[in-house]
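Data block below; observations after.
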Number of protein chains: 2
Amino acid sequence: MSAAQTRQRILDAARQAFARSGFEATSVRSVASAAGVDQALVHRYFGTKRELFLATLELPVDPARVLAPVLAAPRQHLAEAFLRTLLELWDSDAEPVILAAVRTLTSTPDGPSLVKGFVLDLALSHLRPVVDDPVGSAPTRLALVASQTAGLLVARKVLGIEPLASMPVEQVVALVAPTLQRYMTEPLP
Amino acid sequence: MSAAQTRQRILDAARQAFARSGFEATSVRSVASAAGVDQALVHRYFGTKRELFLATLELPVDPARVLAPVLAAPRQHLAEAFLRTLLELWDSDAEPVILAAVRTLTSTPDGPSLVKGFVLDLALSHLRPVVDDPVGSAPTRLALVASQTAGLLVARKVLGIEPLASMPVEQVVALVAPTLQRYMTEPLP
DNA sequence: GTCTATAACTCGATAGAC
DNA sequence: GTCTATCGAGTTATAGAC
């Protein structure tokens, strides 16, 4: 077996394990076992458990690339484009990575430091210039967008609240985009 | 030291520890140490770690009692009343309990079973009859409300996203209540 | 390339002394 | 009422054999 292949198998197993159980509740041993290798090999390739976790958090997509068309969308369809892109990302190959990040982000106080500047941050930083206005309400707008998208992520992918969890992307977009559009571009109190 | 006092000290220490670190990352030993007692005593009073955690999840308020005035509010101010009550609850004595629940709920797959039917469920079940309509869209409405409130909780209390985290209750109400009002009572696509 | 062996801890839980 | 002592299992991580 080539080293690269084995490395990849370990990485995949780790991603799934962290996605299912978060950082704390996942043991290096269980990852090794799922990958069909010895525990020592995991350390050999990735160092500490923390480093393994960080190696796991590589998004299979480039946020800037994915968001480019969104940011180019007409302003009145900004939220719709943004939300659709986000929902499709959550259903893509990136799902385990995102779940792992969320589980770890919310599960312990140093979660944030562990996953610092991850998904939401990435998406939101790109969104900043687009939602800014003369009054400088960008931070508030971004925080509101973050709250609704984080809640959607948790409801759909972590808690599995029905009917939201099984709802087609387009229906979720229709229901929630107006909220985001208001947070992004409409006048706030 | 009376047994009741010690029991209470252990319970308080456990609540804070679980709120800070979630279920997995909190050790019985650390709880004991924070309470100034031996680890064995914790087991003596509460049994297993899981039982200790469940004992911790006793809300210091009765949801039905808190929500009664909300449900009696005029329909067009339902969201506003609901959200204000929720935000005040999060800032009250109940904060550690709620944080503990959230951290555990999102951190592992059996989190939901551990905290089954907790906070959001409680609030939402009371809300159900109020948001129902002839088309039977209550489940969708409740899921949407859950997504925004869960996101708000995470943004404000778990991730500490500014300026939302430090924002006065009334300002958050002004910004977010319209979203909830739409989810609760307005026509959906 | 991969595993054996093991060090060095920490964990939950229990029995029983004081 | 509270703690000592301890069991047994599980953890990360490393050194080194094959």
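Naming: A, B, ... by sequence-line order, numbering from 1 per chain.
- Looking at the side chain of B:T48, the nearest of the listed nucleotides C:dA13, D:dA13, C:dG12 is C:dA13.
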Please tabulate, for side-chain N and O atoms in residues 11-18 of chain A, each donor-acceptor pair with protein atoms closer than 3.5 Å (sequence neighbours left out).
residue	atom	partner	partner atom	Å
A:D12	OD1	A:Q8	NE2	3.2
A:R15	NH1	A:T56	O	2.9

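- At least one side-chain nitrogen or oxygen of B:S27 sits closer than 4.0 Å to the OP1 or OP2 atom of C:dC11.
- In this structure, A:F23 places its CZ atom 14 Å from P of D:dT11, rounding to the nearest Å.
- Both B:R29 and B:R7 sit near DNA chain D, but only B:R7 has its closest nucleotide nearer the 5' end.
- Taking atom CG on B:L52 and atom C1' on C:dC11, their separation rounds to 15 Å, with Å as the unit.
- B:V130 pairs by the side-chain contact (heavy atoms from CB on, under 4.5 Å) definition with B:L71, B:R75, B:L78, not counting sequence neighbours.
- A salt bridge is defined here as a Lys NZ or Arg NE, NH1 or NH2 lying under 4.0 Å from an Asp or Glu carboxylate O, and A:R84 with A:E88 fails to meet this definition.
- Residue contacts for A:T26: at a heavy-atom cut-off of 4.0 Å it reaches the sugar-phosphate backbone alone, with no base atom in range.
- A salt bridge between B:D91 and B:K157 is present, with a side-chain N of the basic residue lying under 4.0 Å from a carboxylate O of the acidic one.
- Distances shown here put a side-chain N or O of A:T6 below 4.0 Å from the OP1 or OP2 atom of C:dT2.
- What separates CZ of B:R50 from P of C:dC11 is a distance of 20 Å, to the nearest Å.
- One atom, NZ of B:K49, and another, C1' of C:dT14, lie 17 Å apart when rounded to the nearest Å.
- Nearest heavy atoms, A:L83 versus A:V173: CD2-CA, 3.8 Å.
- Between A:D133 and A:R141 there is a salt bridge, since at least one side-chain N of the basic residue sits less than 4.0 Å from a carboxylate O of the acidic one.
- Distance check: A:L87 CG to A:E170 CD gives 9.0 Å after rounding to the nearest 0.5 Å.
- Rounded to an integer number of Å, the gap from B:F46 CZ to C:dA13 C1' is 16 Å.
- To the nearest angstrom, C1' of C:dG12 lies 12 Å from CD of B:E24.
- Contacts with DNA chain C (heavy atom under 4.0 Å) in residues 35-45 of chain B: B:Q39, B:A40, B:H43, listed by number.
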